[in-house]
Amino acid sequence: MIYLDNAATTYHKPQTVIDAVVSAMQGMGNSSRGSHSGALKAARTVYDARCKAAALFGCADPSRVIFTANSTEALNIAISGLFTAGDHIISTDLEHNSVLRPLYRLQAEEGISLDFVRADKQGCVDYGDFERLIRPETKAIVCNHASNLTGNMLDLARIGAICKVYGLLLVVDASQTAGCVPIDMEKMGISVLCFTGHKGLYGPQGTGGLCIAEGVEIRPFKVGGSGVQSFSKTQPVQYPTRLEAGTLNGHGIAGLAAAFDFISETGVEAIHAKEIALMRRFYEGVKDVDGVTVYGDFSTDERAAIVALNIKDYESGEVSDELSETYGIATRPGAHCAPRMHEALGTVEQGAVRFSFSYFNRSEEVDAAVAAVKEIAE
Amino acid sequence: MREKKLRFIITFHTTTDAMAFEKHCLAAGLPGRLIPVPTSITAGCGMSWMADPADRAALEEAIKKDALKVDALYEVVH
C-alpha cells in the first residue's frame, strides 16, 4: 500500500517509538500510583514526556503540559473549561469538528456567542476580519494552525499579536502541524496549544495533550483519581493533576516520549522541508491535468503537506475507492469533519480526495499517485 | 520492618512536582529518595522525598535557590 492519508494518522512510525511502547508494556507500573520501582518508572517516563513536549512547543512550565487521548479531548477540555455564558468567541471556517462541535455545544447549552472569520474559495482568510469581529465581550480566538482539508496555514504569530492587543486568549488546534511545523507558544502568543500524538509527531494513537501558558486557568473537564490529595472532595487545583483525573495512557506516553526524541533529533524544519517537497512534487504533477480541480493556496510553503482535489464530477468516495482498489493508494475522501471549509470551497456535495504526505513517504510513491490521478482523469 | 528513626520529609502537591524534584536532586547529587507520604504527615496517597535530617540544609538551599515546587517540610519519626 502507498499510504497518503497521513493527515488522518501517520502510518509509518519510527522503530524507537514502537520499541518504547513494547518496553513500557513489558515493565511499567502506573504513574502517580505508589512509589515502587514500576510506578516510579511510569512517573519518570510521563514527566520526561512532559519536559520534551514543553521544550518542543515553547511551553515554559512542564507541569502545564496535560496529557489527553487526542486533540479532540484536549480541545474539549480547553473550550469547556475556559468559557462561560455571555462570552463571545471568534473562530474560523477552517476548523475541524473537534473545534466546531465543542463551540456549538457551548453556544446551545451555555449561551456563548460565536462568530467565524470566513474563508474564500481558496480557503484563505482576511486577517482584518479577526479585528473587525472583536466585541467588548470577546474572550478568545479559537482556531487551527492548518486546515486538515486544504493544508492552508493560519499565521498564528499575527493572530497572537491581535489577541495581545485586545487581551484575548488564543486557543490553537495544532493537529496538523505539531511535529512538522515549528511552534513556539511564547513567541506566537498562544494561550492553549492542543496537539495529537499520532499524526505529525509519529507517536501512538491515544496520545495527545494541551500546553497551557502561565496565567491561564482551565476548569476540570473530568474529576476523579489523582494519586494525590485523596481525602479532598475536590480535584487538586495544581496542574497537571487538575486536568488529568484517572490513569494516564502510560504505555502510549512512553511511545510519545520516544516520538519527541525522533522529532528533536530529525528537526522540525527538516521534517517540514521533506514533507513539503513531496507535496510540491504531487501538486505540480496534478494541478494542470484536465478535469482535476485542486483546492487551497499553494503560493507559499508555509502550509501543511496536504493536497485536496476532485476529478471531474466524480464522487470523492468513488475516486478514493478506485485509488485504493486499483492502485493500492490510501487517501481520504468525503467531508473530513470540516463542514465550513467545504461550504467555502463549494464542495459540500462532492467532498474532496485528500492526499497527505509524511516524512516517511518516498518520491516514487508520489509519482505513482500522480500517474494514478492522470489515468483516472482520462 | 525497618527500624524507625527521625527523617527529613518533603511533600509535594503533585506527582509532577515530585518528579521534577527527583530529577533535580539526581542531577545535583543531592541525597534522598521518593517514598509514599508517611501517614503521620497526611492520610492518603502521594509521594514524598525522604532524606537524613543532616541533609536538610542542603535540600532547603536547593529549594530556595532553584525555586523547586514543594508543599511542606517535616521532620518525623518514620
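Chain identifiers are assigned alphabetically (A, B, ...) following the order of the sequence lines, protein sequences preceding nucleic acid strands; residue numbering begins at 1 within each chain.
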Could you tell me which portion of B/A20 (side chain, backbone, both or neither) has an atom closer than 4.5 angstrom to a non-hydrogen atom of chain A?
both
Could you check if a side-chain atom of A/T241 sits within less than 4.5 angstrom of a side-chain atom of B/T15, using non-hydrogen atoms only?
no
To the nearest 0.5 angstrom, please state how far the CE atom of B/M50 sits from the OG atom of A/S35.
9.5 Å
Report the distance from atom OH of A/Y239 to atom OG1 of B/T16, rounding to the nearest 0.5 Å.
13.0 Å
On a heavy-atom basis, the closest approach of A/G34 and B/M47 is O-CE, 3.7 Å
Which region of A/R50, side chain (C-beta onward) or backbone (N, CA, C, O), has a non-hydrogen atom less than 4.5 Å from a non-hydrogen atom of chain B, or is it both or neither?
side chain
Within residues 21-29 of chain B, which positions have a heavy-atom distance to chain A below 4.5 Å?
B/E22, B/K23
So which bits of residues 54-78 of chain B come within less than 4.5 Å of chain A, counting non-hydrogen atoms only?
B/K69
As an exercise, state the distance from OG of A/S32 to CE of B/M19, rounded to the nearest 0.5 Å.
8.5 Å
